[in-house]
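Okay, structure first, notes after.
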Amino acid sequence: MKFPTLLSLLTLTGLVAAGPPPKPPKPPGTTYLYTVNITGGATYPVGPGPYGNRLVVPILNGTFSGPRLKGTVMPVGGEWGVLDTSHPSQTAFHIDVRQTFKTDDGAYIQVIEGGSSQPDGSAFATMRFDTGSEKYYWMNNIVAFGVLRQLGGGGLTIDCWMFNTPPATAPPGPPA
Ligand SMILES: *[C@@H]1O[C@H](CO)[C@@H](O)[C@H](O)[C@H]1NC(C)=O
Ligand SMILES: *[C@@H]1O[C@H](CO)[C@@H](O)[C@H](O)[C@H]1NC(C)=O
């Protein structure tokens, strides 16, 4: 049996419209997921190595809140980011963050996050979630991104959205 291509499977399931894309393609919609405040501990300057100048910062605690999930950030995980100075005019910090969320109704959600600082000083990240919770299982299947903000006192805030098909539709799964 010939294996169907991914595109033919998606077309069969009605997820992707057949035919050429509209010109120019429509940008995807977005749905706000949550904002998380993270308090980090002391920085461990691992230093310049083969992958950049690495900084390790443990997560002490945190809180997250959004329309469909809220809770606390467990005291595990952290930042393992690297500062790339290979080309001084294009210096950037590349984040590598893991967080474990506990929702107010007792589910754990693992968050794996990567991203980069931008020349104007802003920083963006993409995040993947994994959880075995039936209520939050839809989060395993979304594509999400965040905007980082620095809080005073070494804290970090990340505002997070997910992509959806235009026009904006409600995310899959039961409402929170
Ligand atoms: C988080 O940890 C910091 C440092 O230990 C502490 O000052 C702060 O009160 C804690 N916040 C929460 C919400 O537990
Ligand atoms: C994050 O911190 C800001 C500033 O202290 C606060 O206004 C906001 O409610 C906090 N959000 C969460 C989810 O903890």
Side-chain angles (χ1 to χ4, degrees), residues 27-47 51-85 90-164 168-176:
T30 59
T31 300
Y32 172 63
L33 280 178
Y34 63 79
T35 294
V36 60
N37 290 337
I38 301 165
T39 304
T43 298
Y44 301 108
V46 172
Y51 310 108
N53 190 347
R54 193 179 299 280
L55 295 175
V56 177
V57 186
I59 288 175
L60 298 184
N61 60 42
T63 50
F64 61 93
S65 179
R68 302 184 67 200
L69 66 158
K70 58 177 186 288
T72 53
V73 183
M74 297 289 93
V76 63
E79 162 74 272
W80 287 268
V82 292
L83 182 67
D84 172 17
T85 53
Q90 298 179 59
T91 293
F93 188 71
H94 299 285
I95 72 162
D96 179 359
V97 170
R98 285 190 181 226
Q99 306 158 55
T100 303
F101 285 1
K102 184 179 187 183
T103 61
D104 59 352
D105 49 7
Y108 292 107
I109 302 168
Q110 182 63 33
V111 188
I112 298 163
E113 206 162 303
S116 300
S117 66
Q118 302 298 310
D120 67 0
S122 59
F124 306 124
T126 56
M127 48 274 289
R128 286 188 297 115
F129 303 96
D130 59 85
T131 181
S133 159
E134 191 177 354
K135 178 174 176 186
Y136 298 100
Y137 210 77
W138 55 275
M139 294 182 73
N140 292 311
N141 306 330
I142 62 177
V143 174
F145 63 96
V147 177
L148 281 67
R149 291 188 276 132
Q150 205 75 37
L151 281 178
L156 178 67
T157 294
I158 306 170
D159 303 311
C160 182
W161 288 264
M162 61 179 270
F163 282 119
N164 58 32
T169 52

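Counting from 1, the numbers follow the sequence of the chain as shown.
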Examine distances only and state if a side-chain atom of [X] and a backbone atom of [Y] form a donor-acceptor pair shorter than 3.5 Å.
{"X": "Ser117", "Y": "Gly121", "result": "no"}
{"X": "Gln150", "Y": "Gly155", "result": "yes"}
{"X": "Thr131", "Y": "Ser133", "result": "yes"}
{"X": "Thr30", "Y": "Met162", "result": "no"}

Give me the atom names and distance for the closest heavy-atom approach of [X] to [Y].
{"X": "Ile59", "Y": "Met74", "result": "CG2-O, 3.9 Å"}
{"X": "Thr63", "Y": "Val73", "result": "N-CG2, 3.9 Å"}
{"X": "Glu113", "Y": "Ala125", "result": "CG-CB, 3.9 Å"}
{"X": "Tyr32", "Y": "Gly66", "result": "CE2-CA, 4.4 Å"}

_Residues Tyr51, His94; criterion side chain to side chain contact (heavy atoms under 4.5 Å, CB included); working and verdict_ = CA-CA 10 Å; Tyr51 310 108; His94 299 285; over 6 Å; no
*Test the Arg98-Trp80 pair against the cation-pi criterion, namely NZ or CZ under 6.0 angstrom from the six-membered ring centroid and within 45° of the ring axis.*
no
Using 0.5 Å steps for rounding, measure from the [atom1] atom of [X] to the [atom2] atom of [Y].
{"X": "Thr100", "Y": "Ile112", "atom1": "OG1", "atom2": "CD1", "result": "9.0 Å"}
{"X": "Leu156", "Y": "Ile95", "atom1": "CG", "atom2": "CD1", "result": "7.5 Å"}
{"X": "Arg54", "Y": "Asp96", "atom1": "CZ", "atom2": "CG", "result": "6.5 Å"}
{"X": "Leu55", "Y": "Thr43", "atom1": "CG", "atom2": "OG1", "result": "6.0 Å"}
{"X": "Ile38", "Y": "Ile158", "atom1": "CD1", "atom2": "CD1", "result": "4.5 Å"}
{"X": "Thr103", "Y": "Leu69", "atom1": "OG1", "atom2": "CG", "result": "7.5 Å"}

*Measure from the ring center of Tyr136 to the ring center of Phe129 and say whether it is less than 6.0 Å.*
no
*Please name the residue in the list Val111, Val36, Val143, Leu33 that meets the side-chain contact (heavy atoms from CB on, under 4.5 Å) test with Met127.*
Val111
*Chi angles and distances behind the side chain to side chain contact (heavy atoms under 4.5 Å, CB included) call for Thr91, Leu83*: CA-CA 7 Å; Thr91 293; Leu83 182 67; 3.9 Å; yes
*Counting heavy atoms not belonging to Tyr137, are there more than 12 under 6.0 Å from its OH?*
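12 or below, so no.
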*Flag yes if more than 12 heavy atoms outside Tyr44 fall under 6.0 Å of its OH atom; otherwise flag no.*
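No, because the 6.0 Å sphere around OH of Tyr44 holds 12 heavy atoms or fewer from other groups.
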*Can you name the side-chain contact (heavy atoms from CB on, under 4.5 Å) partners of Phe124, sequence neighbours left out?*
Gln118, Ser122, Val147
*Sequence neighbours left out, what pairs pass salt bridge (Lys or Arg N to Asp or Glu O under 4.0 Å) with at least one residue falling in residues 32-46?*
none
*Just grab all the salt bridge (Lys or Arg N to Asp or Glu O under 4.0 Å) pairs involving residues 69-83, residues at least two apart or on different chains.*
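Counting only pairs at least two positions apart or across chains, the salt bridge (Lys or Arg N to Asp or Glu O under 4.0 Å) contacts touching residues 69-83 are Lys70-Asp104.
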*Do Asn141 and Met139 come close enough that some side-chain heavy atom pair is under 4.5 Å?*
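Side chain of Asn141 against side chain of Met139, heavy atoms only: no contact under 4.5 Å found.
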*Under 30°, 30 to 60°, or over 60°: which ring-plane class applies to Tyr34 and Phe101, parallel, tilted or perpendicular?*
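If you compare the ring of Tyr34 with that of Phe101, the planes turn out perpendicular.
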